[in-house]
Each structure stands twice: as C-alpha cells, then as structure tokens.
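Please read all numbers here as calculations on a predicted model, not as lab measurements.
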Amino acid sequence: MKKIILSIAVGLLSLTTFEGMSQNKNKVIAHRGAWKNTGATENSIGALEHAIKLGCYGSEFDVHMSADSVLFVLHDHAIKGTHIEKSTAQELSQIKLENGEALPTLEAYLKAGSKQKKTRLILEIKTSSVSKERSLALATKCVELVKKLKVEQITDYIAFDFDVCLKVKQLAPKAHVEYLNGDKTPDEIAAAGLDGIDYHFTVFKRKEEYIPAMREKKLSTNVWTVNDEATMKWFLEKDVDYITTNEPELLLSISK
C-alpha cells in the first residue's frame, strides 16, 4: 500500500511540475514586448505584460549595463540624451519612459516575468559600444541575475556577438542560446554548441536551405523582425520555429 501511495504522489508531483512549466505552443515572439498596438512603450514592463496577456510564446527585450554595472532594459545605447554605459544607475533611475514607467532594471523586468510560466523571456544581450570586455561582463551578469531570480526555466538568450553567445553557454550549459548576426552556417552553430539561429528575414530569404538544415540538426530557427502578413505566411509555410514581430496580434490571428 505504501508503494502505491508513493507512486501516486510522485505521479501527481510530476503532473504539477509539467503543468507549472507549460509553454504557449505558438511561434510568436513579441519584439520588445507587445507595444505597437497596446499603447505601451517598447521594452517596458507594460509591453511584457501585454505580450503575456496575448499568450505569445515569448517576449523579447534588450539589456545594457550602466557605468556602475547595473543592468537596464532598453534597445538603444542612449535614451533622452543619456548614454546607458556612461551613466550611473542613480542617473538612469530618474528617466521615465513614454508610458510613465521608470526605465526598467533587468531585475524588475525579470521579476515581472517570473509571475507566470507560459511566455518565455527572450533576453538579448546588447553588444557594448565601449569594449568587448564589457559585452562579456554584461553576459556574465545577465546569467548570474537569471540564476539568482530562479527564472532559468523561462529565459532564453540571444546576442549579435558570437563570443557573448559562447560565454552564456559556458556559464549556463543548459540555457537556450541563439545567434543573431546572420554570418554563421548551421554547421558552425552546431559545432559551437549553440541551440539555434535568430536571423533577419532577408538572411533566410537568401539562405532558405538553412531552415531544413537546422531542423535536421534539431536546432531552432527564429526570424526577425517580420511585420507584414505576406512575409509571415511565407515563414509559416517554411515552418520556422519562431517569428519575432512588432505585430504579435496579426501573427497570432493568421497562425492559428
């Protein structure tokens, strides 16, 4: 009887864990969150929350490091004339986004994302405008914070700097890491131990053979940034794994 009870308990625990980590099954990654049609500011926590509410597979966002090594979420290197890498966290904390939010720290952003488990957090490590060393330091701090906040199971990494991708895999071998720059072949990605490619749609249009080649290697294909219906449909027909878009509502409607 004890064995039966133990078996049932283990089964229930496994079921709970599986359900707790269930992911949305669509191909839609909201580029900088869902902002264009929601009134949120791109890369804001509000944009992330809208992407989650829509049920997107993932919500992409960009990370820089301040002069005193605090991580902030923003696409550009500067905001309102203030350069992220050359400013302190105290200075940056005074900046407001267009929707009234404070410029989000990565910690605040990850904590907001951690309240759910169905939309993945697609963390882009931005290439430093100062030095390669700062790019690698940023990668290290991103991985450390993701681990500290216990969001490894819902966080993926992307980067334009190949060395940054390799650094992340060194620090977090089980993390899903995709390369962005478009200049590596599927063979090179596989040899490096990365998990996929996230290339501009023009690269895939020129190198259509990359899609089946990656699938054959059991590696992922992600395409950015696809905003028109015709191009979305082309990539859906090619069965890429993910499509990053500023129009997640449109992509969700045509990919059902």
Side-chain angles (χ1 to χ4, degrees), residues 11-63 71 73 75 99 101 104-125 142-143 145-159 168 172 174-178 180 195-198 218-227 232 235-236 239-256:
L12 288 173
L13 178 61
S14 299
L15 179 60
T16 301
T17 302
F18 176 79
E19 289 179 345
M21 289 311 300
S22 63
Q23 300 285 293
N24 293 317
K25 301 301 183 184
N26 58 67
K27 298 174 180 285
V28 183
I29 295 177
H31 185 231
R32 307 179 197 171
W35 55 273
K36 186 174 180 181
N37 304 304
T38 64
T41 302
E42 61 183 48
N43 269 323
S44 65
I45 290 174
L48 166 64
E49 291 172 342
H50 279 296
I52 292 168
K53 187 176 180 180
L54 281 171
C56 298
Y57 170 82
S59 186
E60 183 266 355
F61 57 100
D62 309 279
V63 181
L71 309 187
V73 176
H75 178 266
N99 66 347
E101 284 185 34
T105 62
L106 178 59
E107 182 169 1
Y109 195 97
L110 293 177
K111 284 180 177 177
S114 71
K115 296 174 183 178
Q116 55 80 52
K117 293 184 173 67
K118 291 191 174 183
T119 294
R120 299 192 68 76
L121 308 178
I122 315 297
L123 193 166
E124 179 177 340
I125 301 169
C142 284
V143 172
L145 188 56
V146 166
K147 289 182 178 180
K148 177 184 175 183
L149 298 178
K150 303 185 187 304
V151 289
E152 301 103 310
Q153 289 183 302
I154 58 168
T155 304
D156 298 336
Y157 298 88
I158 56 177
V168 173
K174 294 183 180 179
H176 186 92
V177 182
E178 296 177 347
L180 284 165
D195 303 281
I197 52 177
D198 184 0
K218 294 180 170 54
L219 300 176
S220 63
T221 49
N222 188 350
V223 53
W224 61 273
T225 302
V226 182
N227 297 321
M232 288 176 181
F235 281 105
L236 289 171
D239 199 25
V240 295
D241 293 300
Y242 313 111
I243 299 174
T244 301
T245 179
N246 291 331
E247 303 281 357
E249 298 90 347
L250 173 60
L251 182 53
L252 283 166
S253 72
I254 67 172
S255 59
K256 289 180 179 178

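Residues L54 and L252 form a side-chain contact, since some pair of their non-hydrogen atoms from C-beta on lies under 4.5 Å apart. T225 places a side-chain heavy atom less than 4.5 Å from the side chain of N246. A 4.5 Å side-chain heavy-atom check between I52 and K118 finds every atom pair outside the cut-off. Residues K27 and D239 have side chains in contact (heavy-atom distance under 4.5 Å, counting atoms from C-beta outward). Contact of the L71 side chain with the E107 side chain is not registered, since no non-hydrogen atoms from C-beta on lie closer than 4.5 Å. With a 4.5 Å cut-off on side-chain heavy atoms, L121 and E60 do not count as touching. L251 has its side chain out of reach of N26: every pair of non-hydrogen atoms, C-beta onward, lies at least 4.5 Å apart. Within the 4.5 Å cutoff, the side chain of C56 has no heavy atoms near those of the N24 side chain.
Here the NE2-CD distance, from H176 to Q153, works out to 15.0 Å after rounding to the nearest 0.5 Å. We find the CD-CD1 distance between E152 and I154 to be 10.0 Å, quoted to the nearest 0.5 Å. Between the CD atom in E42 and the NE2 atom in H75 there is a gap of 7.5 Å [rounded to 0.5 Å]. Taken to the nearest 0.5 Å, the CD atom of E124 stands 13.0 Å off from the CG atom of D156. Remark: I158 CD1 to N222 CG distance equals 7.0 Å, nearest 0.5 Å. Here the straight-line distance linking atom NZ of K53 with atom OG1 of T38 works out to 10.0 Å at 0.5 Å rounding.
Take D195 and apply the salt bridge (charged side-chain N to carboxylate O under 4.0 Å, His left out) test, not counting sequence neighbours, and it matches K169.
N99 approaches G39 most closely through the heavy-atom pair CB-O, 4.5 Å. Listed here is the closest heavy atom pair of L106 and C142: CD2-SG, 4.1 Å. Contact detail for G46 and A40: the closest heavy-atom pair is C-CB, 4.0 Å. Between G196 and L219 the shortest heavy-atom distance is CA-CB, 4.5 Å.
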Does the side chain to side chain contact (heavy atoms under 4.5 Å, CB included) test come out yes or no for T244 and V223, once each step is laid out?
-> CA-CA 6 Å; T244 301; V223 53; over 6 Å; no
When you look at L180 and W224, which way does the side chain to side chain contact (heavy atoms under 4.5 Å, CB included) test go after all the steps?
-> CA-CA 9 Å; L180 284 165; W224 61 273; 3.7 Å; yes
Kindly determine whether D62 and N43 satisfy side chain to side chain donor-acceptor pair (under 3.5 Å), including the steps that lead there.
-> CA-CA 7 Å; D62 309 279; N43 269 323; 2.9 Å; yes
Tell me, with the steps shown, if S220 and D241 meet side chain to side chain donor-acceptor pair (under 3.5 Å).
-> CA-CA 6 Å; S220 63; D241 293 300; 5.1 Å; no
Please step through side chain to side chain donor-acceptor pair (under 3.5 Å) for the pair E247 and N227, ending with a clear verdict.
-> CA-CA 6 Å; E247 303 281 357; N227 297 321; over 6 Å; no
R120 vs T155, side chain to side chain contact (heavy atoms under 4.5 Å, CB included): CA-CA, chis, key distance, verdict | CA-CA 6 Å; R120 299 192 68 76; T155 304; 5.8 Å; no
Step-by-step side chain to side chain contact (heavy atoms under 4.5 Å, CB included) determination, S59 to Y109 | CA-CA 11 Å; S59 186; Y109 195 97; 4.0 Å; yes
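Remark: of the listed residues V146, V73, L48, V146 is the sole one forming a side-chain contact (heavy atoms from CB on, under 4.5 Å) with L110. In summary, of the residues considered (V177, V168, V63), a side-chain contact (heavy atoms from CB on, under 4.5 Å) with I125 occurs for V168 alone.
Sequence neighbours left out, the pairs with a member in residues 24-59 that pass ring pair (Phe, Tyr, Trp, His ring centres under 6.0 Å) are Y57-Y242.
A donor-acceptor pair is defined here as one N or O able to donate and one able to accept, closer than 3.5 Å; no such pair exists between the side chain of E178 and the backbone of Y157. The closest donor-acceptor contact from the side chain of T41 to the backbone of S44 lies at 3.5 Å or more, if one exists at all. Using modelled atom types, one side-chain atom of T245 and one backbone atom of V226 make a donor-acceptor pair closer than 3.5 Å.
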